[in-house]
S.K.: 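Sharing a structure below in structure tokens format, with a few things to ask.
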Amino acid sequence: MLEISTLRLHSEEITQKLLIKNFPAENIIKEVLSADQQKRELQTELDTINASGNRSAKEIGRLMTTGQNAEAEKLKIEATGFREKAKELEQKIREAETALEELLVRIPNTPSEKVPAGKTAADNKPVYENDCKPTATGTLFPHWDIIKKYDIIDFETGIKISGPGFPVYKGKGARLLRALINYCLDEACKAGYKEMIPPVFVNSASAYATGQLPDKDGMMYEMKEDKLYAIPTAEVPLTNIYRDVILKEEDLPVKITGYTPCFRREAGSWGADVRGLNRLHQFDKVEIVQICKPENSYLTLEEMRNFVQNLIISLGLHSRTLLLCGGDMSFTSAMTYDLEVFAAGQKKWLEVSSVSNFETFQANRLRLRFKDANKKTQLAHTLNGSALGLARILAAIIENYQTPDGIIVPEVLRAYTGFEKIF
RNA sequence: AGAGAGAUGGCAGAGUGGUUUAAUGCGGCGGUCUUGAAAACCGUUGUCCCGCGUAAGCGGGACCGGGGGUUCGAAUCCCUCUCUCUCUACCA
């Protein structure tokens with residue numbers, strides 16, 4: 001959510017910036033400003049009434065303790081009814097606040113100046129590509145064929161137990177996935193991230209604070225009985241650790257990481273090109289999160305992007321990094337890099353990480369702040385990224401390391417798997 | 001899940017209808033003293049909203065778990081929800 005104070009001062013500039021995201025903001029911003037104006041007028045009115053009510057009450061108290069009861073009674077009659085008026089105003093203010101909030105949450109984050117214009121994924125700007133060309137040669141099969149051959153991932157049994165999109169990882173397949181989880185977490189810890197194991201069900205306040213609610217409630221599995229949501233990403237619980245927190249300047253940057261399974265309903269997003277591990281209802285992901293001072297957030301974004309790029313290189317996967325154009329960015333992001341690996345069997349790029357700077361957009365809803373050197377509290381900047389989305393990494397490893405007589409395990413994972421080849 | 005007890009500032013902990021502007025202690029910050037530190041002493045201390053001001057700040061309002069009620073006036077009384085603790089039961 002954008003800050004109303006910024007919107008008041010820079011509405012024109014914000015409108016301009018939002019055009020990069022193809023979002024026509026002029027009208028809604030006008031509405032916001034007038035709703036804000038109305039709310040403030042009501043607030044001033046209420047404050048005035050409260051001030052005079054407080055004065056009378058105090059005076060009555062003083063008269064009664066000094067024994068001037070007759071005077072007190074007279075004043076009591078005069079003071080009757082002010083509370084009712086105040087309540088009426090409070091109600092109006094609540095309504096005005098709700099109206100303002102409903103408008104505000106519909107305005108996306110403004111893109112950074114570095115974000116290129118564009119409408120679709122085709123307009124994303126490639127900024128990096130590594131040279132880890134696949135070692136596999138000959139006829140290359142997509143992973144959904146290979147996993148059957150070695151019986152390491154079983155979709156049919158998953159369908160029996162849960163439904164489509166809930167695979168069962170078996171034997172060396174399970175072991176390889178667990179190796180990836182441990183490897184990614186260990187690398188993140190080495191890079192200074194503190195490991196967390198958060199809850200995988202969150203309440204609506206948390207889902208709201210990171211932006212999954214109210215708009216995207218169709219994406220999450222919901223347990224209505226207990227009013228809980230299955231997390232679509234560890235970003236939700238990890239970021240919410242810092243909801244309503246005021247950090248000290250010396251605590252920054254905060255760097256945390258966590259592995260969780262992620263649950264996504266993916267309603268309506270199924271099609272021919274989302275076979276196998278490409279898109280699942282449940283998948284595994286290691287997430288990295290940073291909270292930092294505003295002036296550092298773009299350096300931090302680069303640091304996080306480099307970390308993820310190097311992680312992918314260390315797995316020997318051919319990958320590229322795209323700077324997302326305005327039209328392809330998420331609602332909440334100010335700047336996003338998508339990192340893709342090439343899956344040699346399907347001959348397709350798979351998105352395995354998305355690293356974003358949200359500036360104060362998330363922090364505003366989270367009320368995540370820090371005290372700066374001048375002892376002023378101000379909103380922190382938040383960033384997060386996948387490191388990595390493991391189902392697709394697994395798919396890419398299976399396809400890129402396939403040989404006629406087995407799948408080679410990437411070298412860095414062998415200490416974790418205890419084997420070098422799946423056959 | 002049943003029974004009981006609770007929820008007050010960064011923490012501990014008073015406060016059961018009216019100078020409460022929430023006592024006091026600890027912690028934090030600043031200072032005096034000191035070669036430096038400790039101790040002692042003095043001062044200071046949260047969050048949000050509105051207004052004025054370039055600003056430091058000043059003025060007003062709100063906040064004692066959340067919401068509602070009674071009252072001229074609520075941390076205090078009533079209702080309700082949530083959470084925590086203790087005991088019992090159950091459980092990995």
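Please read all numbers here as calculations on a predicted model, not as lab measurements. Labels below follow one simple rule: chain letters A, B, ... track the order of the sequence lines, proteins then strands, and each chain is numbered from 1.
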S.K.: In whole angstrom, give me the gap between the P atoms of G9(B) and G65(B).
M.R.: 8 Å
S.K.: Applying a 4.0 Å non-hydrogen cut-off, can you work out what Thr48(A) is touching in the nucleic acid: base, sugar-phosphate, or nothing?
M.R.: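 No contact.
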S.K.: Tell me: CZ of Arg55(A) to P of C72(B), nearest whole Å?
M.R.: 19 Å
S.K.: With side-chain hydrogen bond (donor to acceptor under 3.5 Å, both in side chains) as the test, pick out the partner of Asp328(A) among Thr336(A), Asn124(A), Asn22(A), Thr120(A).
M.R.: Asn124(A)
S.K.: Give one of base, sugar-phosphate or nothing for Thr44(A), where a contact means two heavy atoms less than 4.0 Å apart.
M.R.: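 Sugar-phosphate, no base atom in range.
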S.K.: In plain terms, say whether Glu302(A) and Arg305(A) are close enough for a salt bridge, that is, a side-chain N and a carboxylate O under 4.0 Å apart.
M.R.: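 Result for this pair is yes, salt bridge flagged.
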S.K.: Which residue lies toward the 5' end of RNA chain B, Thr377(A) or Arg94(A), if each is placed at its nearest nucleotide?
M.R.: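 Checking each residue's closest nucleotide, the 5'-ward one belongs to Thr377(A).
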S.K.: Tell me, please, whether Tyr150(A) has Lys172(A) positioned over its six-membered ring: NZ or CZ under 6.0 Å from the ring centre and within 45 degrees of its axis?
M.R.: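 The answer is no, since Lys172(A) fails at least one limit relative to Tyr150(A).
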S.K.: Under 4.0 Å from OP1 or OP2 of G73(B): is there any side-chain N or O of Asn54(A) that close?
M.R.: no
S.K.: Can you tell me how far C1' of C50(B) sits from NZ of Lys92(A), to the nearest Å?
M.R.: 18 Å
S.K.: So, Glu31(A) and Arg106(A), do they make that salt bridge, N to O below 4.0 Å?
M.R.: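 A salt bridge is absent here (no side-chain N lies under 4.0 Å from a carboxylate O).
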S.K.: Using the C1' atom in both, what is the distance from U76(B) to U70(B), to the nearest Å?
M.R.: 13 Å
S.K.: Would you indicate what Lys248(A) reaches in the nucleic acid, counting non-hydrogen atoms under 4.0 angstrom: base, sugar-phosphate, or nothing?
M.R.: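 Here Lys248(A) touches no strand at all.
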S.K.: How far, in whole Å, is A74(B) from C64(B) if one measures between their P atoms?
M.R.: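 Rounded to whole Å, the distance is 11 Å.
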S.K.: Let me spell it out: for each of Arg40(A) and Asp47(A), pick the nucleotide of RNA chain B with the closest heavy atom. Which residue's pick is nearer the 5' end?
M.R.: Arg40(A)
S.K.: Which of these, Lys371(A), Arg369(A), Lys293(A), sits in a salt bridge (charged side-chain N to carboxylate O under 4.0 Å, His left out) with Glu249(A)?
M.R.: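 That would be Lys293(A).
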S.K.: Within this structure, what is the CD1-to-P distance between Ile246(A) and G28(B), rounded to whole angstrom?
M.R.: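 My rounded result for the distance is 19 Å.
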S.K.: Can you find an N or O donor on one side and an acceptor on the other, under 3.5 Å apart, linking the side chain of Asn50(A) with the base of G61(B)?
M.R.: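 Such a pair does not exist between side chain and base.
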S.K.: Tell me the interatomic distance from Lys87(A), atom NZ, to U71(B), atom P, rounded to whole angstroms.
M.R.: 8 Å
